[in-house]
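To start, the structure under review is shown below, and the notes come after it.
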Amino acid sequence: MRDFKDNLLRGLLWLSAFLSVAVLLMIVGFIFYKGMGLISFEFIFGDYSPEGGGGIWPMIVTTVYTIVISLIIATPIGILAAVYLHEYAKQGRLVRIIRFATESLTGIPSIIYGLFGAVFFVTTLKLGMSIIAASLTLTIIVLPVIIRTTEESLKTVPASYREGSLALGNTKLQTLYKVILPSAMPGILSGIILSIGRIVGESAAIFLTAGTVAAMPESIFSSARTLTVHSYLVTQEAGDIELAAAVGIVLIVIILAINFSATYISKKLNKATNK
Amino acid sequence: MNRALKEHTKELVKQNETGKGISEMAQRGKGNAKIKVKDLNLFYGEKQALFGVSLDINEKEVTALIGPSGCGKSTFLRTLNRMNDLIDSVKITGDIIINDENIYTSSDVIKLRTKVGMVFQKPNLFPMSIYDNVAYGPRGQGIKNKKELDKIVEESLRGAAIWDEVKDRLKTSALGLSGGQQQRVCIARAIAMKPDVILMDEPTSALDPISTLKVEELITQMKEDFTIVIVTHNMQQAARISDKTAFFLNGEVVEYDETDNIFSTPKDQRTEDYVTGRFG
Amino acid sequence: MNRALKEHTKELVKQNETGKGISEMAQRGKGNAKIKVKDLNLFYGEKQALFGVSLDINEKEVTALIGPSGCGKSTFLRTLNRMNDLIDSVKITGDIIINDENIYTSSDVIKLRTKVGMVFQKPNLFPMSIYDNVAYGPRGQGIKNKKELDKIVEESLRGAAIWDEVKDRLKTSALGLSGGQQQRVCIARAIAMKPDVILMDEPTSALDPISTLKVEELITQMKEDFTIVIVTHNMQQAARISDKTAFFLNGEVVEYDETDNIFSTPKDQRTEDYVTGRFG
Amino acid sequence: TNTENEDTQATSGDGYTLAISGSTSVGPLAEKLAYQYAEHSDTKIEINQIGSSAGITNAINGVSEIGMASRDLKEEEKASGLTDLVIAYDGIVVVTHPSNKVKDLTMEQVKQIFTGEITNWKEVGGDDMEIVVVSREDGSGSRDAFQEIVDYSSGELVKSAIIASGNGNIKTTVANNKHAVGFISFEYIDESISTIDINGAEATAENVLAQEYKLSRPFLFVYKEEALSEAGQDFIDYILSEEGQQIAAEAGAIPVK
Amino acid sequence: MSIPTENKQTENIGKANKRKYFLESVSSKLFMICALLSVITLVLIIGFVFYKGSHPFVVGGYSFIDFLFGTDWVPSEDKFGIFPMIIASIYATIGALIIGVPIGLFTAIFLAEIASTRVAKIISPAIQLLAGIPSVLYGVFGLAIIVPFLQNTFGLAKGQSLIAVILVLAIMMLPTIVTVAETAIRAVPQSYREGSLALGVSHIGTIFRVIVPAAKSGIMTAVVLGLGRAIGETMAVILVAGNSLIVPTSLTDSIRPLTTNIALEMGYAAGTHQEMLFATGIVLFSFILILNFVLAKISAKGGN
Ligand SMILES: Nc1ncnc2c1ncn2[C@@H]1O[C@H](COP(=O)(O)OP(=O)(O)OP(=O)(O)O)[C@@H](O)[C@H]1O
Ligand SMILES: Nc1ncnc2c1ncn2[C@@H]1O[C@H](COP(=O)(O)OP(=O)(O)OP(=O)(O)O)[C@@H](O)[C@H]1O
Ligand SMILES: [Mg+2]
Ligand SMILES: [Mg+2]
């Protein structure tokens, strides 16, 4: 009976993993099947042309801009907020409120973020439709993801590390950046990778704040079009699935590159830890 | 407990004097009160763990804390460097004066902790290299010079009787060491801070006899410079290395006296019961 | 090491025979070989940790493993219930036969582990209530009946000399206990499985002397029913409770014999050096 | 760039950015026009396709100089002082799956299909197959125009209709479903769908101009007269010029003249 | 060590410590501000949505009850009832949870506990990759593969349906749930694993009796974040939902969830219509808050 239950559960584990991988392969396969035909040097590095047949280089640049700016703002704020919640705050009402707020932010549809960003950053703060307005909106979107994942990984840092460091006359701050954050790094990193995914995959919040201008942005105050917005527009208006999928391929490559470098960096950082 | 075991414990305890004699520490003059604890009460939330503890700990002596499991030895030890501050629910009343300063009214807890080092019950090395673990404290104090750090690391590791075992792998992770090795690196890490007072919470409970003896020898040497407070379950260890011994029971100090007196002529019946194994 | 300490160690060791006599276990007849280990080699990746270990462990006896820190005692112990399987890099050659079955060719490692219980060096209770911790193993065996479980839990906790301390808080988290209390609950958890063989890795290193004596008494009782293998750094403990003792050094068994012989007339110079503290 | 601050300084020529935003239907045409216009002027033109309403709002509060709309202005929008200008017309065509045998319908049949009175293709000469109606979202310019011309109201639209956002989504939906019928702009016609003649008239620009094919709607530029820069005026003039209208025609839209 | 130097050293430490305490208090305040930012933005966003969304009811004389329970949504005829969408959202969310959470968690467990390191090292990043694929492409995938599949398999006139939405959302939740839960499971101390195995409990038993409960908090986070993704998702859903305004009665009915309604019409909406879309946002908010609340309750019950 126990063996049966074990085997059943084991079977379910394998089945789930199989399903997840199958879905992964199907989606990636679908995107490559549909889009591979369009991929060429000209497509990736060429300038956009409204007549068709142009490239997507401006969108690639814009996408990289939004990723970098959003992360530069969101990562430190998110990590520090999590640090406050887990390491500094007394576990009371304030913390509960902050937690609840963070959690609720994760469930808000991106279109609402987009509308909010359009009113707050674009109009009220007079940033105009621009990469920076979109990046700030994206910052709000990924903040909860970073806070939550960082908090979780802080929880896994043994209390004995904190005690050991404090007992050596180190301040909380020193303890934080010398011991706690390095040990929590893998978890934080997976949060950042998830955030990159969210940023890259976002469309509604971006086209309402950065717009859809299909030209090379001159600065972060320019209105511009990201890859995802591009694939959204071509799907929605032209129904051009091949083009959308080709953009998807480029995105997959970008994400892969980012993930690999993130993992590589964390390995470098944690050499002593992992060895 | 059966008779045989009781007698056996007595045997163990008798052995004190011998150990004491051998460890060459009998004729040292009495130090001054380095640490004065007055009427200390400690609560974990509602639950009181220490009840009116008062005792003076002498400078450059070894003070041992003994008592059954759960009696509050670790808790008491951790009040001396304010390690209990980390637990939100802890409430403390009473005074602890170290170097003529009330550590709970003075706010410089960093200075306190650089002056009062600690070695914990379970080894708690950081997930970094052995070298970095030992250099951790000095670096926190702003020592950056590589030569100086090298020197401190080597001295401290030698001091903790582990240098030979790790000298070729200083740059590898400290977590790859065995439990015993880890604990000795923890001791090295504490020594590296050159503190005034060193608190040790069963520092040798994970060590083999050889390392234990080395550490005991080390403690004996260290008291030339440091004031040492040690929690131990090993009564022979207390007898061998300590000058004074405090017997804790249910959060109270039942008896505090010269180690010799505690083991040979305890005043309190409960102390006698405990050290002769008649207790519980 | 200085002379004084060496002599002191000898003193400690002499005390063996007394301990042995007292604990009333001298006249027990010899058991059969319950566990047969033949030419066991173990590698952590490239690094060899055990070198051709061969020894037979008798049924219903206590076998002690001693040796300096890092010599492979824990590693050896963990091969007996295939706990090392968890570490990917571990490679093992040689045979271990328990109950006439080669545990590395038979694939039922679960059965093996229900028959061969284990208590670890550091207490490792689960983050659940004390009751659930102790009932964990029996539940895994399909025991659902509340009465039966209650009985097992109580017996096991009594057996581990912790019942009185925890009986009023069975349903509270086990992680709130002190280190010593936790370790005793770990022992209770192992006992609850009623195994054939119990492996203990320095089970008393976190305990106070009273609890230690209780546990030792318990071990003495338990060997009526169980085969016990215990790693200890405390040579007196080995002397007091074990029938046979194996001395490990750098991954090899230097000497394995009746405990009396190991401590009184060791055949190998290194054994003598170690048990008399002349080592290292 | 934020034009609001800049249009007081330079209103044409080098470095001036003309911000246009609005309808995703007008957007592609405006992009093409701007692309050709770049040969005539150094004015940089930013076109954001964010929907008619957002474009109109932007034109009202000055985020964009010109808004693009594929629907008529609402009362309150007119009240805030916007001018609207038709830059081209857009033909709307009813489409089905290529395998569908039905190739022409009367306006009345179209109405009955979209209001759910006719639910099977056999009722209009096709196979015995349920009809799946695909419409645009409420508020969409195409849908407003389509409903007005076919003469049914949003409330009458069959409830189970699939609502797709954008021409592309309607096209993809219809192209993947034998049962489906929808409507899209002329410029998106291709071989993945089949087009339907209405009252015998084929969906071509000529037929629209000749008033034989009724389904069309205006493409609008909206702006505040007083906020319109020289560059903006110049671009509008270009669009209405012969060359501009020629480009519109090539892009699949129907010229105003 | 001579006495004068010792004094000097003590003094130096004193000075250095002053700086440290200053840094300490500045940093702790900075950290608090960072933490409060999320509260501030939430308040701003809620304020914004409520300000816009309450307007028709406060000023325009519309009835909120009619809004909630009305079944007709015809903005051009001034009819705003979102009851079908509420039902659709509830069904779609629950359905996605039922399918996505177990598969996601089991996959996470598989990767952390059963798969070999090598396999996990390939699959985990690949699954994280899924998180970055734009939702539009999930929609297109749904439209091109799932919708026709459903249509053919069940002989439907249209594949755009509740079940299609559920499948797409479940797929979209996977990367978040798998990644976060896997991290949490990997963080469970080895000693728990050893303790349980040494008691003769099977590997599977150990996983479900000790490891998963010990990772509970991380797993809850995974579910909350995954759920957030499912509720907040619009672009993919628009493509496969059908967006019909009917109260769904079967898995094959096409539906219009609340989010889709907002995203679908916001581009063209103006005036009261737009405000009503914000009001839809308010309902959605309440929906999210209730769900978070329930989840928090569940996780509190499951533990301790
Ligand atoms: N963080 C805590 N919260 C609540 N109670 C605690 C906490 N830490 C310890 N206690 C309780 O305080 C009492 C004293 O514990 P302490 O750890 O000081 O004992 P100890 O003498 O060091 O025991 P041992 O010899 O087993 O280490 C015990 O009853 C213990 O259960
Ligand atoms: N997981 C591991 N990977 C690599 N080496 C290991 C591992 N575990 C132990 N070792 C090494 O194997 C040797 C034997 O270790 P083991 O833990 O068995 O020693 P021990 O005799 O139990 O020591 P102690 O008395 O300190 O507990 C040591 O050199 C140790 O560093
Ligand atoms: Mg303690
Ligand atoms: Mg060991």
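To find a chain, count down the sequence lines: A is the first, B the second, and so on, and within it residues start at 1.
- Ranked by heavy-atom pairs under 4.5 Å with chain E, the list A:Thr102, A:Val145, A:Thr235 is led by A:Thr235.
- Chain E forms more heavy-atom pairs under 4.5 Å with one residue of A:Ile255, A:Ile112, A:Leu173, A:Ile241 than with any other, namely A:Leu173.
- Between chain A and the options E:Ile171, E:Thr259, E:Val180, the largest number of non-hydrogen pairs under 4.5 Å is found for E:Ile171.
- Neither the backbone nor the side chain of A:Phe260 comes within contact range of chain E, judged by heavy atoms closer than 4.5 Å.
- Contact count versus chain A (heavy atoms, under 4.5 Å) is highest, among E:Leu239, E:Val178, E:Ile114, for E:Ile114.
- In this structure, the portions of E:Ile45 lying under 4.5 Å from any heavy atom of chain A include both its backbone and its side chain.
- In this structure, E:Ile219 CD1 and A:Glu152 CD are separated by 10.0 Å, a value rounded to the nearest 0.5 Å.
- Highest contact tally toward chain E, considering only A:Ile252, A:Leu176, A:Ile147, A:Leu85, is held by A:Ile252 [criterion: heavy-atom pairs under 4.5 Å].
- The only option from A:Leu251, A:Leu24, A:Ile31 that meets the side-chain contact (heavy atoms from CB on, under 4.5 Å) definition with E:Ile133 turns out to be A:Ile31.
- If you measure heavy-atom distances from E:Phe285 to chain A, the contacts under 4.5 Å come from the side chain alone.
- In this structure, chain E has a heavy atom under 4.5 Å from the side chain of A:Ile193, while its backbone stays farther away.
- For A:Phe207, the part sitting under 4.5 Å from any heavy atom of chain E is the side chain, from C-beta outward, and nothing else.
- The shortest heavy-atom contact between A:Ala17 and E:Phe110 is CB-CD2, 3.3 Å.
- In this structure, chain E has heavy atoms under 4.5 Å from both the backbone and the side chain of A:Phe116.
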Stepwise, does the side-chain contact (heavy atoms from CB on, under 4.5 Å) test hold for E:Leu23 with A:Thr171? CA-CA 9 Å; E:Leu23 275 177; A:Thr171 60; over 6 Å; no
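- With chain A as the partner, the residue from E:Tyr138, E:Phe48, E:Phe278 showing the most heavy-atom pairs under 4.5 Å is E:Phe48.
- If you measure heavy-atom distances from A:Tyr88 to chain E, the contacts under 4.5 Å come from the side chain alone.
- Interface remark: E:Thr221 contributes backbone and side-chain atoms alike to the contact with chain A (heavy atom separation under 4.5 Å).
- When each of A:Val23, A:Ile27, A:Val21, A:Thr149 is checked for heavy-atom pairs under 4.5 Å with chain E, A:Ile27 comes out on top.
- Only the side chain of E:Val49 comes within contact range of chain A, judged by heavy atoms closer than 4.5 Å.
- Contact of A:Ile140 with chain E is made through the side chain alone, with heavy-atom distances under 4.5 Å.
- Looking at E:Ala184, there are no atoms closer than 4.5 Å to chain A (heavy atoms on both sides), in backbone or side chain.
- Pairing each heavy atom of E:Leu137 with each of A:Gly248, the nearest pair is CD1-CA, 3.3 Å.
- Interface remark: of the candidates A:Gln174, A:Arg198, A:Gln236, A:Glu151, A:Gln174 forms the most heavy-atom pairs closer than 4.5 Å to chain E.
- In this structure, no portion of A:Phe18 lies under 4.5 Å from any heavy atom of chain E.
- Of the atoms belonging to E:Met32, heavy atoms from both backbone and side chain fall under 4.5 Å from chain A.
- The candidate with the highest count of non-hydrogen atom pairs below 4.5 Å against chain A, out of E:Leu225, E:Leu129, E:Thr41, E:Thr183, is E:Leu129.
- Contact annotation for E:Leu30: only side-chain heavy atoms (C-beta onward) come within less than 4.5 Å of a heavy atom of chain A.
- Residue E:Thr280 holds its OG1 atom at 11.5 Å from CD1 of A:Ile111, rounded to the nearest 0.5 Å.
- Heavy atoms of E:Phe208 lying under 4.5 Å from chain A belong exclusively to its side chain.
- The choice from A:Leu15, A:Leu94, A:Leu115 that makes the most heavy-atom pairs within less than 4.5 Å of chain E is A:Leu115.
- With values rounded to the nearest 0.5 angstrom, A:Leu13 atom CG is found 5.5 Å from E:Phe106 atom CZ.
- Shortest non-hydrogen contact noted between A:Tyr84 and E:Ser28 is CD1-O, 4.0 Å.
- Only the side chain of E:Thr234 comes within contact range of chain A, with heavy atoms under 4.5 Å apart.
- Looking at E:Leu277, neither its backbone nor its side chain comes within 4.5 Å of chain A, counting heavy atoms on both sides.
- Contacts between E:Leu42 and chain A at a heavy-atom distance below 4.5 Å involve backbone atoms as well as side-chain atoms.
- Options E:Val140, E:Ile204, E:Val136, E:Ile103 differ in how many heavy-atom pairs under 4.5 Å they form with chain A, and the most are formed by E:Ile204.
- Residue A:Lys34: no heavy atom, backbone or side chain, is found under 4.5 Å from chain E.
- With a 4.5 Å cut-off on non-hydrogen atoms, A:Ile77 touches chain E through its backbone and its side chain both.
- Interface summary for chain A: among E:Ser217, E:Gly205, E:Gly104, the most heavy-atom pairs under 4.5 angstrom belong to E:Ser217.
- In terms of modelled atom types and a separation under 3.5 Å, the side chain of E:Thr107 and the main chain of A:Ser16 share a donor-acceptor contact.
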